[in-house]
Amino acid sequence: MSNDALFDPIDPLKVHATPPEGHSSNSRLERVLRQGRFAVTSELNPPDSANPEDVYDAARPLSEVVDAINATDASGANCHMSSLGICSLLTRVGYSSVLQISCRDRNRIAIQGDVLGAAAVGVGNILCLTGDGVGVGDQPGAKPVFDFDSISLLRTLRTMRDEKMFLSGRRITQGPRIFLGAAENPCIPPYEVRADRLQKKVEAGAQFIQTNYIYDVPRFEKFMQRVRDLGLEDKVFILAGVGPLASARAARWMRANVPGIHVPDHVIERLEGAEKQGAEGKKICIELIQQMREIKGVSGVHVMAYRREELVSEIIQDSGVLEGRHAAPRGRRARKSEATD
Amino acid sequence: MYTVRRFVVRHSRFFEWVYECFEPMLVFLDPVWSRFGYNRMERPVAFAERHIKGLLFDCQMCGQCVLSSTGMSCPMNCPKNLRNGPCGGVRENGHCEVKPAMKCVWVDAWEGASRMKGGDKISIVQPPVDRSLEGSSSWLRVARERAEEKRATRDAAREAMAEAFSEAREEEPAAAPLATEPPNAQPMQEAEESTSVLTVEKTPS
């Protein structure tokens, strides 16, 4: 695959071109996964500003090393620049983006409209999420919507794409060409049903999965065993979620306060025993990526670190998963481009 | 009530059996509901349903009951109203992310489903709730839907017959009738209907 094929089309007419045979979108992430390459994605933490340069500053280090950039949708129920706004900025310069949709803030009318809009500006991937409760965010008095859940949302978007109609049955003249994703959290209860729930997501329309942070590899392996037993490894691409821990204290705090994060004791002890905890956290993350690569059925990694995009870039490069794949953007794409080749 | 709701989930197999007997009865009574008018029956039946299911399941009267597919644990008690399974925020002890004192509704649901004969129905993808049906009776809705299904099956058979014997139907319309028959014209049908209810009930939806 030439480097040019790695980029998403920015020409508006090409955005709407018929996807390659067997593909449901023109997204680079889908191309990489379907070619059987180890995919790498990361997330861009949205700025609290209306300045597009803030988005490009955060995206630049990621764009060099990932196949798609997720734009989070008010994660943790905290208000930031919208996912659709960020994706729209990213697609303008040819970066592959993943629009995240949380069911917490918008009802079915808003979401279906947003999806058409996103597809029109060239967003090729959509990640369907339930979303955290409003209570954990910065505006706990907000009204929680939850009109859809992640699974009914997936089925709705698949219907829009494949049947070319809204949930009301009204026709859509051109369906959104999108690659559909969902999240899964293999390391938290109820453990036995996590893989079954994944199956339900695949039935509903999920084509790729990005998991939450995984620090407990044996437990994840058990989950993957069940995934393989259910015959899901051929039906969905699984990207394992990893990220660096800053320190033992931060890890303890996250475990206690952030919903859905499980950090086993041995990881925290290893951090505590290290001279430089930050560097050790980075090392653990690189090891995790290499371990994930060896697990059958894992198609890639999703590397997350809140507002530390440079660190993510270093981790991905040091892990060696790019295998010489040169994803550096061309000058015309990166606005303040230093990386031209 | 929380304790009653948890008790029901622990005895989900028994409540599944109760409903297996109850649903055919609702459908069997379709002629009664129709005679009085579904519209007129709505308030009293919804009143009864609200109180009975409120006590047993903490029912929120969404009007689109799916308890048989959710291990007898009502998904509307999930603070996110999730209809398809637990979110990714369940605590280590299996409790709710939003209400830490409450056991996750979906952890309960999967436990309840594991005890039920039709427990695998939990893997069916459920649509989003139609909020305009909130407060209305799910029982009457089930009766109407099942009765309608039966009518549709019967009509399909009649249409097939009329098509296969079209010349006979043209000359002798009564030989392969298509028009809706009044209930009194089918005394035998009534008896058959009550048995066919069970087959409908056992068909996975």
Side-chain angles (χ1 to χ4, degrees), chain A residues 76-77 102-104 107-108 111 129-136 140 144-156 158-159 167 182-194 196-206 211-213 230 241 255-256 258-263, chain B residues 9 60 62 64 66 69-71 73-116 119-134 204-205:
Chain A
S102 136
C103 298
R104 177 193 53 239
N107 68 9
R108 63 191 80 178
I111 290 179
L129 302 165
T130 296
D132 300 301
V134 294
V136 296
V145 179
F146 296 113
D147 195 15
F148 284 124
D149 54 43
S150 57
I151 295 178
S152 53
L153 173 61
L154 279 166
R155 182 55 68 79
T156 303
R158 194 181 78 181
T159 306
L167 213 47
E184 187 49 76
N185 203 347
C187 298
I188 62 154
Y191 311 115
E192 333 62 65
V193 313
R194 287 287 161 194
D196 299 70
R197 181 171 170 266
L198 182 78
Q199 185 174 34
K200 208 168 166 177
K201 289 192 168 183
V202 174
E203 297 256 303
T211 77
N212 289 55
Y213 286 109
L230 289 169
R255 184 164 73 173
V258 184
I261 293 187
H262 166 72
V263 189
Chain B
V9 171
Q60 311 287 316
C62 67
Q64 299 184 281
V66 289
S69 301
T70 60
S73 171
C74 172
M76 300 313 278
N77 288 311
C78 163
K80 300 182 185 177
N81 287 175
L82 302 186
R83 302 276 282 192
N84 279 301
C87 68
V90 183
R91 288 165 194 266
E92 285 294 323
N93 59 3
H95 279 227
C96 174
E97 165 199 346
V98 182
K99 294 180 178 170
M102 182 178 85
K103 183 84 184 273
C104 167
V105 166
W106 278 100
V107 170
D108 267 352
W110 241 282
E111 271 173 34
S114 69
R115 292 188 197 100
M116 286 163 60
D120 51 353
K121 282 196 281 184
I122 202 164
S123 60
I124 297 168
V125 176
Q126 296 292 341
V129 184
D130 183 341
R131 300 282 169 176
S132 65
L133 302 179
E134 225 165 301
S205 48

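Residue numbers begin at 1 in each chain, while the letters A, B, ... track the order of the sequences. What you see below is based on every heavy atom in this structure, not just the backbone, and it leaves out hydrogens, waters and symmetry mates. Worth saying up front: this structure is predicted, and the values here are computed from it rather than measured.
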If we define contacts as heavy-atom pairs under 4.5 Å, which of [options] has the most with chain B?
options                        : answer
A:P190, A:G135, A:C187, A:C103 : A:P190
A:T130, A:L129, A:L167         : A:T130
A:D132, A:V134, A:D147         : A:D132

Which heavy atom of [X] sits nearest to which heavy atom of [Y], and what is that distance?
X      : Y      : answer
A:S152 : B:N84  : N-ND2, 3.8 Å
A:P189 : B:V90  : O-CB, 3.3 Å
A:R108 : B:V129 : NH2-O, 2.5 Å
B:R83  : A:K200 : O-NZ, 4.4 Å

Is it the backbone or the side chain of B:V98 that comes under 4.5 Å from a heavy atom of chain A, or both, or neither? side chain
Given heavy-atom pairs under 4.5 angstrom as the criterion, report whether the side chain, backbone, both or neither of B:P127 touches chain A. backbone
In Å, rounded to the nearest 0.5 Å, how long is the span from [atom1] of [X] to [atom2] of [Y]?
X      : Y      : atom1 : atom2 : result
A:D149 : B:Q126 : CG    : CD    : 9.5 Å
A:I151 : B:I124 : CD1   : CD1   : 12.5 Å
A:R197 : B:W110 : CZ    : CH2   : 7.5 Å
B:C87  : A:N185 : SG    : CG    : 9.0 Å

Portion of [X] that has a non-hydrogen atom of chain B nearer than 4.5 angstrom:
X      : result
A:R255 : neither
A:R104 : neither
A:L154 : neither

Side chain B:K80, main chain A:G131, donor-acceptor under 3.5 Å: yes
Specify which of B:P79, B:S114, B:C104, B:G88 makes the most heavy-atom pairs with chain A at under 4.5 Å. B:G88
